[in-house]
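Right, one structure below, let's go through it.
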Number of protein chains: 2
Amino acid sequence: MTGAARPGTAKAVAELAGVSVTTVSRVLSGQASAIPQETQDRVFAAARQLRYRPNSLARALRKGTTQSIGLIVPDISDAYFHQVARGVEDVAQAAGCVVILTNTDRVPAREEACVNLLLDKRVDGIVFAGGGIDDDTHLDGFDWSSTRVVTIGPHQLPFPSITVDDSAAISDAVHHLAEISCRRILCLAGQPNWLVTQRRLAGYRQAVAELGLDTDPDLVVYGDFTESAGEELTAKALAAGSFDGVIAFNDYAAIGAMHALASAGVRVPDDVAVIGCDDIPVARMVHPALTSVSFSQYEFGRNAAEMILGSVPLPAGQRITFPHELLRRHSTARR
Amino acid sequence: MTGAARPGTAKAVAELAGVSVTTVSRVLSGQASAIPQETQDRVFAAARQLRYRPNSLARALRKGTTQSIGLIVPDISDAYFHQVARGVEDVAQAAGCVVILTNTDRVPAREEACVNLLLDKRVDGIVFAGGGIDDDTHLDGFDWSSTRVVTIGPHQLPFPSITVDDSAAISDAVHHLAEISCRRILCLAGQPNWLVTQRRLAGYRQAVAELGLDTDPDLVVYGDFTESAGEELTAKALAAGSFDGVIAFNDYAAIGAMHALASAGVRVPDDVAVIGCDDIPVARMVHPALTSVSFSQYEFGRNAAEMILGSVPLPAGQRITFPHELLRRHSTARR
DNA sequence: TTGTACGCGTTATCAT
DNA sequence: ATGATAACGCGTACAA
């Protein structure tokens, strides 16, 4: 007497088809070179009838791969990361893999929690999107040996990374402002401990020095990458002194700056020209349309996922630098 | 001679601590009421030393729950879904669960592929975000018996759903346009087979009828929920006839409409007033700021995740209707 | 050509 | 207070 196997398992299919689980496994995973068509048909029929779905957990346990990628972003609500997520997911889905999404809000403790969650889930790889901070100690002590990791943006972690030349990107923007006669350029930076702030600030300082612009340290202010931070910092700067250009290290801050300027009756670009960074889709929707440094976040995501799913070993510390381009729009269009 | 257990397993910890795997499991999962502190300490020490991380796959296989939620969205690049995703992920992360993100691009075959991927991964629940289409046959034949499902937006699936009153939302918008003397209102609908289009169109038609506005069928046009679709449809409508108001079924289409109007030299709101729907963050960043029907996508996501993770059984077919609110901004501000 | 049996790493049941 | 052992469902080396 055949014991009734639990429904939806390979064993149940085997019983129905009158074969062994081995045969079921072989037929259903395409290794059926030596199995007659008639047997295969019986197995397929039984599988369909029982709506058999191989248990990916059991398979993962056995094979040591989960067909999944972890994605760590500061905040999926931030437009910068949509395209990254799309890129990762498009590549993953095409490969039959799945993407696990986690948000850190740039809080180290949450980032650590995300990593724990993902390592628990035994993801095949992790993509860190969004730059790191200068104190990475919360990421020490993890065992990365069986997880492929790729970082996007500046990081100190010993993994291959995908970046742009942050310093040159901002330097280019400052040069453009200088070309349209800006001399005192307000710099809306991110937080001081963000690596992306440090890289971009280097570009700002270098360009300001080369061009002989005003090096007043009060022109550099720090805040989050949000519209409200940009607005407040700019309002404060307006109250404290004067400037004729703004370079913001991300577009949200730039848009906030334009609000503050509009509220104060300052004309953009005539009185103050404004440039953002990242070129998120809103940049061209706001008024005036925002000049911004553009690069393809979607390609960042695609490349990161391909590196993780690819068979080539990941060279630790390798850096792939994508090109950037300054898109000139109305916010710097002085005739 | 003790066989060397594979590193990073409970067995390895057990050997190092000089206890059995049973004890390790008990101590590490908090069921150690009857185990002396000294033994527990040995186990904890061994676990830390070996950086032991319980294998969630093995645990899931054994316990029948994966601590994961699948999220199906048309496109994570669409701002509507960021907040949904954040809401789901915030609740999930707080519960130690993980969110698997999948994009469908509103293509039935991809949606089907997403469901397959998620059911393969044995997610505890699935959140369908974004309305369904009137022909749901590609979702027939799935075995949902061991997966909790919640839909967001109009769907025909027999699962609990979270929605707004789409018909009333659009009706309210049309009433507002009528109040500021619009008589011929262009309706930028989604695709005809989208349920959300059908619901919102019902609201448009009902309001137009009650208010005695122009019922010219040419005033209803269909397109994707994109800026470019809104722009093209509006340009065509401008060429074909006249109108003094626009109701778009989503904000991207409304923003596209405003571009087309601006290009044609038509003033907003004086010549044509424009209203969008969803109130995504860009709505208040564009110029003129866009009047839109607002509701909390973040709360949609939170509630959906809570229903999935909650212990209460999900009542099939139950519908939770969230409130909506018309936010009046400059695009309808006629003095 | 097909089947038996073991192991993946965990938790739960039953002993002791 | 602790341990041996049997599942969970699959893949595969080894047998037949």
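Each chain gets a letter, A, B and so on, in the order its sequence line appears, and its residues count up from 1.
- Screening residues 27-49 of chain A for salt bridge (Lys or Arg N to Asp or Glu O under 4.0 Å) gives A:E38-A:R42 as the qualifying pairs, with residues at least two apart or on separate chains.
- Taking A:D140 as the reference, nothing meets the side-chain hydrogen bond (donor to acceptor under 3.5 Å, both in side chains) condition, with sequence neighbours excluded.
- Comment: A:R302 engages A:E306 in a salt bridge, judged by a side-chain N to carboxylate O separation of less than 4.0 angstrom.
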* **Sequence-aligned protein contact record of nucleotides 9-16 of chain D, with B where the base is within under 4.0 Å of a protein heavy atom and S where only the sugar-phosphate is** => BSBBBB--
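- Every residue was checked against the side-chain hydrogen bond (donor to acceptor under 3.5 Å, both in side chains) condition with B:R148, not counting sequence neighbours, and none meets it.
- Between atom CZ of residue B:F225 and atom OH of residue B:Y80 there is a gap of 9.5 Å, rounded to the nearest 0.5 Å.
- Counted by atom type alone, A:N103 and B:Q93 present zero donor-acceptor pairs between their side chains at under 3.5 Å.
- Remark: A:S68 OG to B:I100 CD1 distance equals 7.0 Å, nearest 0.5 Å.
- When the C1' atoms of four end pairs are superposed on the next four at each end of the helix from C:dT1-D:dA16 to C:dT16-D:dA1, using five pairs per end, the two resulting axes differ in direction by 50°, to 10°.
- Not a single side-chain hydrogen bond (donor to acceptor under 3.5 Å, both in side chains) links A:T151 to another residue, sequence neighbours left out.
- Within a heavy-atom distance below 4.0 Å of DNA chain C, no residue of residues 112-119 of chain B is found.
- The footprint of chain A on DNA chain C, defined by a heavy-atom cutoff below 4.0 Å, extends from C:dT1 to C:dG9.
- Sorted by first and then second residue, the salt bridge (Lys or Arg N to Asp or Glu O under 4.0 Å) pairs with a member in residues 51-65 of chain B read A:D120-B:R53; sequence neighbours excluded.
- Spacing between atom CD of B:E15 and atom C1' of D:dG3 amounts to 15 Å, rounded to whole angstrom units.
- For A:R106, the salt bridge (charged side-chain N to carboxylate O under 4.0 Å, His left out) test picks out no residue, with sequence neighbours left out.
- Judged as a salt bridge (Lys or Arg N to Asp or Glu O under 4.0 Å), the pairs with a partner in residues 71-85 of chain A (not counting sequence neighbours) are, in order, A:D75-B:R86.
- Residues passing the side chain to side chain contact (heavy atoms under 4.5 Å, CB included) test with B:A304, sequence neighbours excluded: B:V127, B:V150, B:I152, B:I162.
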